[in-house]
Enquirer: 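I have a structure here, written as structure tokens, and I will follow up with some questions on it.
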Amino acid sequence: AQSVTQPDIHITVSEGASLELRCNYSYGATPYLFWYVQSPGQGLQLLLKYFSGDTLVQGIKGFEAEFKRSQSSFNLRKPSVHWSDAAEYFCAVGVTSYDKVIFGPGTSLSVIP
Amino acid sequence: GAVVSQHPSRVICKSGTSVKIECRSLDFQATTMFWYRQFPKQSLMLMATSNEGSKATYEQGVEKDKFLINHASLTLSTLTVTSAHPEDSSFYICSARQQGTAIHFGNGTRLTVT
């Protein structure tokens, strides 16, 4: 069965600083990996996804993620955080690109002005 | 882009009543939709898979008689929380499968049972 862990429950960074959110997955085959962002009281927005090919994936809002099979990781990064990036971030894994996804517990990001 | 609409976005109901949440794919057909539940400050948990024209598949631990799912058309799935109680208060989100390509999430429904 697939599972996702996000070791950091909460992260606080200063505006303009770099960011890395960690994600580890467990799945027997090549997974489909996703990062979603959720603002308070809002739905989900897809930041980026990885299915195959280049292991460094570019997403929206200046985010990128790197798939490392040897570490079973799919960490999300941003070189310079903006105050509007404060939100909840969920890493997710799926069997395909169009099936149910299993979500990690989420990482709450706070940004200090 | 593909849009999934959820209605209502917020609903308050009294304990013991039932409430229906709709999930619509606006510009594509969705033979499969998924329903998730999110408790405050927690992650999203898959409740069930809704298939057009057939019975929904529920995840372990989800009461199918409490959470009735109907997927009567290729663009609409409904989740009915029956005899709602305060512990059913939660954020419910649906996603719809765009055939062979991707899944798209709705904006969620905040249910408060008083």
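Keep in mind that what you see is a predicted model, and the values were worked out from it rather than measured. A note on names: the letters A, B, ... follow the listed sequences, proteins ahead of strands, and every chain is numbered from 1.
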Enquirer: State whether a side-chain donor-acceptor pair under 3.5 Å links B/W35 with B/S77.
Expert: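 Yes, side-chain donor-acceptor contact under 3.5 Å.
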
Enquirer: Assigning hydrophobic clusters by single linkage (Ile, Leu, Val, Met, Phe, Trp, Tyr; side-chain heavy-atom cutoff under 4.5 Å), is A/I11 placed with A/V4?
Expert: yes

Enquirer: Top residue by heavy-atom pair count (under 4.5 Å) with chain B, among A/Q38, A/Q45, A/E88?
Expert: A/Q38

Enquirer: Would you check if there is a donor-acceptor pair between the side chains of B/Q98 and B/Q29 at a distance under 3.5 Å?
Expert: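 The answer is no; no qualifying pair exists.
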
Enquirer: Sort A/Y36 into side chain, backbone, both or neither according to what part of it lies under 4.5 angstrom from a heavy atom of chain B.
Expert: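 Side chain of A/Y36 only, per the 4.5 Å heavy-atom cut-off to chain B.
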
Enquirer: Grab the two heavy atoms, one from B/F91 and one from B/N107, that are nearest each other, plus how far apart they are.
Expert: CZ-O, 3.4 Å

Enquirer: Between A/S18 and A/V13, which heavy-atom pair has the shortest distance, and what is it?
Expert: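 Closest approach of A/S18 to A/V13, heavy atoms only: O-CG1, 4.3 Å.
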
Enquirer: What part of B/Q6 gets closer than 4.5 Å to chain A, counting heavy atoms only: side chain, backbone, both or neither?
Expert: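 Neither the backbone nor the side chain of B/Q6 comes within 4.5 Å of chain A.
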
Enquirer: Could you label the plane-to-plane angle of the B/F105 and B/Y36 rings as parallel, tilted or perpendicular, counting under 30° as parallel and over 60° as perpendicular?
Expert: tilted

Enquirer: Taking the basic N atoms (NZ, or NE/NH1/NH2) and the acidic carboxylate oxygens, is any pair closer than 4.0 Å for B/K20 and B/E22?
Expert: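 A salt bridge is absent here (no side-chain N lies under 4.0 Å from a carboxylate O).
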
Enquirer: Please report the C-alpha distance between A/E64 and A/K78 in whole Å, then the side-chain angles of each, then the deciding distance to 0.1 Å, and finally whether the salt bridge (charged side-chain N to carboxylate O under 4.0 Å, His left out) criterion is met.
Expert: CA-CA 6 Å; A/E64 66 177 25; A/K78 186 169 184 177; over 6 Å; no

Enquirer: Passes side chain to side chain donor-acceptor pair (under 3.5 Å), A/N24 versus A/S73? Steps please.
Expert: CA-CA 4 Å; A/N24 293 95; A/S73 68; 4.9 Å; no

Enquirer: Which residues from residues 81-89 of chain B are near chain A, with near meaning under 4.5 Å between non-hydrogen atoms?
Expert: none

Enquirer: Apply salt bridge (charged side-chain N to carboxylate O under 4.0 Å, His left out) to the pair A/R22 and A/D8, showing each step before the final yes or no.
Expert: CA-CA 7 Å; A/R22 295 182 292 166; A/D8 304 305; 2.9 Å; yes

Enquirer: Quick one: what part of B/L44 sits under 4.5 Å from any heavy atom of chain A, side chain, backbone, both or neither?
Expert: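 Both parts, heavy atoms under 4.5 Å.
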
Enquirer: May I ask you to list the residues sharing a hydrophobic cluster with B/V4, side-chain cutoff 4.5 Å, ordered by chain and number?
Expert: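 Reading the cluster by chain and number, B/V4 sits alongside B/F28.
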
Enquirer: Would a hydrophobic clustering, with Ile, Leu, Val, Met, Phe, Trp and Tyr connected at side-chain separations under 4.5 Å, put A/F103 with B/M45?
Expert: no

Enquirer: Do you see a donor-acceptor pair shorter than 3.5 Å between the side chains of A/T12 and A/H10?
Expert: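 Yes, A/H10 and A/T12 have a side-chain donor paired with an acceptor closer than 3.5 Å.
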
Enquirer: Tabulate, in ascending numerical order, the residues of residues 104-113 of chain A having at least one heavy atom closer than 4.5 Å to a heavy atom of chain B, or enter 'none'.
Expert: A/G104, A/P105

Enquirer: Are A/F74 and A/L21 co-members of a hydrophobic cluster defined by side-chain heavy atoms under 4.5 Å apart?
Expert: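 Both belong to a single hydrophobic cluster.
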
Enquirer: Cation-pi check, A/K49 to A/F34: give yes when NZ or CZ is under 6.0 Å from the six-membered ring centre and within 45° of the ring axis, no otherwise.
Expert: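 That pair does not qualify as a cation-pi contact.
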
Enquirer: Please output the residues of residues 56-71 of chain B in contact with chain A, using a heavy-atom cutoff of under 4.5 Å, in numerical order.
Expert: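 Checking residues 56-71 of chain B against chain A gives B/E59.
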
